[in-house]
Amino acid sequence: MTLGELIRNISTTDVVGGVGVEIKGVEIDSRRVSEGCLFVAMRGTQVDGHAFIGKAVGQGAAAVLCEEVPEDRADGVTYVKVKSTEDAVGEVATTFYGDPSHKLRLVGVTGTNGKTTIATLLYNMFRKLGYRCGLLSTVCNYIEDEQIPTTHTTPDPIELNRLLARMVEAGCQYAFMECSSHAIAQKRIGGLRFAGGIFTNLTRDHLDYHKTFENYRNAKKAFFDGLPKGAFAITNADDKNGMVMVQNTKATVKTYSTRTMADFRAKILECHFGGMYLEIDGREVGVQFIGKFNVSNLLAVYGAAVMLGQKAEDVLVAMSTLHSVSGRLDPVHSPEGYTAIVDYAHTPDALENVLKAIHEVLDGKGRVITVCGAGGNRDKGKRPLMAQEAVKQSDRVIITSDNPRFEEPQAIIDDMLAGLDARQMKKVISIVDRREAIRAACMMAQKGDVILVAGKGHEDYQEIRGVKHHFDDKEVLKEIFAEGK
């Protein structure tokens, strides 16, 4: 593809050099540039890609897309100037990879909690319904059965289009992806065409990046503002921001609810640790999930499948066979008769939802022991709120390390404990070492109790001082069970 063909869909302010040059790849990381590539100089939150133009050219870049054309230009290299490379990169990536999102039906899921569960369940459901599918999620990316490790909830625009193009080559008819607020704000999904979008809920998160809740909310809303006519937008009517999300969308709006009138409705008929019996739109179905928040997740899945043209009966049959996503209300049963549940809950709202789900099943017949922490170098304001939520719904709480990153673990724990009064502190102990904290919870537990190990879920590492050390909550629990109390 020539450079001229590649930049045909973007507005340029200047072009220095010829546009007939053949482009063999597009990269935003100068380390990945090879002969014949277009290098896109992005202004990131940490580094400015313009500082690496010389390196990219030295590695063989045939052209550079930038906001400032360098004075020291290399012979034979074309420099394309635009107002914003962040705005342009999505369109360029989409064009280079043959516009893959137009060749399959792409559904995006955004919100604070539930994104991974909903996207993964849609992927699993549509495969059970006989379709070839792709998944882009926090836990792992999939092209049919092929697993592709992930480093971000939503990849950069070039990697995203590269993966979508591979899905098209593999014959995928559908793709389901999480759309994080960072990705929306940073235009990583620019240039993609979505067949539909789903809003889950909105609670405090990522304020270290967005600074205010309004900025965070508006980033989510921008996704729905960008949906085209002919797409669908399914929103959670039980969330106070649910209708805000879709007030300016061109898409067909549908709602789901467990509490009020909506297009897709459900209620719990029966609940136990093995699952629930639900009534969805007047039909009964057994599912292998627990918790009211999972009823909302399943309703979103059901609604999206129906909007994608599937028969309601077929959707419910497939739904009854689905299992919970790894690290989401993931139970491990001890030989002593108590249950440990591993969950990714890392916001106050998510912790509240998981603990409520546990109490719905326990129904007062056992104690709840919660092990939780908070991540380092992230929104400090939610730390005391996490501790308060844990204490409110637990009989005992152990505050410990999560991913401290570049902060001192004890300092993070102190921030959490600062949210508790003297009465609340009587329920709480703190143990910095996460393994020992989990072991202490197991020592406290008796038959019929539930231990919630919250915060890391599917993660199999603990990030300390820039190094990821192997650590898997489920693995640790099984080791402790094997040792006995």
Side-chain angles (χ1 to χ4, degrees), residues 139-140 272-275 288-291 323-346 350-351 354-355 357-359 361-362 364-376 386-387 390-391 393-405 408-410 412-413 416-417 425-465 467-485:
V139 177
C140 192
H272 47 82
F273 275 123
Q288 300 173 59
F289 299 82
I290 64 168
H323 298 274
S324 62
V325 176
S326 175
R328 268 65 173 179
L329 270 174
D330 208 345
V332 188
H333 301 287
S334 81
E336 283 80 16
Y338 61 87
T339 300
I341 290 178
V342 173
D343 194 88
Y344 189 53
H346 60 285
L351 194 56
V354 171
L355 285 165
I358 291 169
H359 281 292
V361 179
L362 274 179
K365 296 184 178 75
R367 298 179 307 155
V368 177
I369 302 164
T370 297
V371 180
C372 67
M386 291 281 289
V391 168
Q393 296 196 67
S394 307
D395 295 282
R396 296 297 303 273
V397 175
I398 303 174
I399 305 292
T400 189
S401 294
D402 190 295
N403 289 318
R405 299 185 176 90
E408 285 300 321
Q410 187 61 56
I412 299 171
I413 290 170
M416 296 184 74
L417 296 176
M425 282 296 294
K426 291 177 181 178
K427 286 187 180 183
V428 180
I429 62 171
S430 63
I431 300 174
V432 173
D433 186 295
R434 190 174 179 90
R435 182 182 296 271
E436 292 308 310
I438 295 171
R439 189 187 304 279
C442 293
M443 294 292 288
M444 293 177 189
Q446 299 171 0
K447 185 176 181 179
D449 290 347
V450 173
I451 297 170
L452 171 62
V453 183
K456 292 176 59 58
H458 64 281
E459 293 177 351
D460 61 359
Y461 63 84
Q462 194 170 26
E463 188 175 344
I464 303 169
R465 296 285 168 197
V467 178
K468 289 185 176 181
H469 303 269
H470 180 75
F471 195 100
D472 184 312
D473 286 345
K474 280 187 74 172
E475 197 175 284
V476 169
L477 282 162
K478 289 176 180 177
E479 289 170 1
I480 293 169
F481 293 170
E483 294 167 4
K485 284 193 176 183

Could you walk me through whether Leu351 and Met386 pass the side-chain contact (heavy atoms from CB on, under 4.5 Å) test, one step at a time? CA-CA 7 Å; Leu351 194 56; Met386 291 281 289; 4.3 Å; yes
Report yes if some heavy atom in the side chain of [X] is under 4.5 Å from a heavy atom in the side chain of [Y]; otherwise report no.
X: Ile431; Y: Ile429; answer: yes
X: Thr339; Y: Ile451; answer: no
X: Glu479; Y: Arg435; answer: yes
X: Ser324; Y: Leu329; answer: no
X: Thr400; Y: Asp433; answer: no
X: Ile438; Y: Leu477; answer: yes

If you measure from [atom1] on [X] to [atom2] on [Y], what distance do you get to the nearest 0.5 Å?
X: Thr370; Y: Asp395; atom1: OG1; atom2: CG; answer: 8.5 Å
X: Phe471; Y: Lys456; atom1: CZ; atom2: NZ; answer: 7.5 Å
X: Ile341; Y: His333; atom1: CD1; atom2: NE2; answer: 8.0 Å
X: Ser430; Y: Ile398; atom1: OG; atom2: CD1; answer: 10.0 Å
X: Lys468; Y: Arg405; atom1: NZ; atom2: CZ; answer: 8.5 Å

One thing to verify: whether [Y] and [X] come together as a salt bridge, which I'm taking to mean a side-chain N less than 4.0 angstrom from a carboxylate O.
X: Asp343; Y: Arg328; result: no
X: Asp473; Y: Arg434; result: yes
X: Arg439; Y: Glu436; result: yes
X: Glu408; Y: Arg465; result: yes

Short side-chain to backbone donor-acceptor contact, [X] and [Y], under 3.5 Å:
X: Ser401; Y: Val432; answer: yes
X: His359; Y: Ala357; answer: no
X: Gln462; Y: Asp402; answer: yes
X: Lys427; Y: Ser394; answer: yes
X: Asn403; Y: Glu463; answer: yes

Between Val368 and Leu362, is the side-chain contact (heavy atoms from CB on, under 4.5 Å) condition met? List the steps. CA-CA 9 Å; Val368 177; Leu362 274 179; 3.5 Å; yes
Candidate pair Ile290 and Phe273, rule side-chain contact (heavy atoms from CB on, under 4.5 Å), full reasoning: CA-CA 7 Å; Ile290 64 168; Phe273 275 123; 3.9 Å; yes
Could you pull out all residues at least two apart from Phe289 that satisfy ring-ring contact (aromatic ring centres under 6.0 Å, His included)? none
Report the residues that fulfil salt bridge (Lys or Arg N to Asp or Glu O under 4.0 Å) with Lys426, sequence neighbours left out, ordered by chain and then residue number. none
Begin from the C-alpha positions of Leu452 and Val371 and carry the test side-chain contact (heavy atoms from CB on, under 4.5 Å) through to its verdict. CA-CA 6 Å; Leu452 171 62; Val371 180; over 6 Å; no
Ring pair (Phe, Tyr, Trp, His ring centres under 6.0 Å) assessment of His469 paired with Tyr461: CA-CA 5 Å; His469 303 269; Tyr461 63 84; over 10 Å; no
Looking at every non-hydrogen atom in both residues, tell me the closest pair between Ala387 and Ile399 and how far apart they are. CB-CD1, 4.4 Å
Looking only at heavy atoms, which two atoms of Ile464 and Pro404 are closest? And how far apart?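 For Ile464 and Pro404, the tightest heavy-atom pair comes out as CG1-CG, 3.8 Å.
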Pairing residues for Ser334 by the side chain to side chain contact (heavy atoms under 4.5 Å, CB included) criterion, not counting sequence neighbours: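 Testing Ser334 for side chain to side chain contact (heavy atoms under 4.5 Å, CB included), a comparison that skips the adjacent residues, returns Glu336, Tyr338, Phe481.
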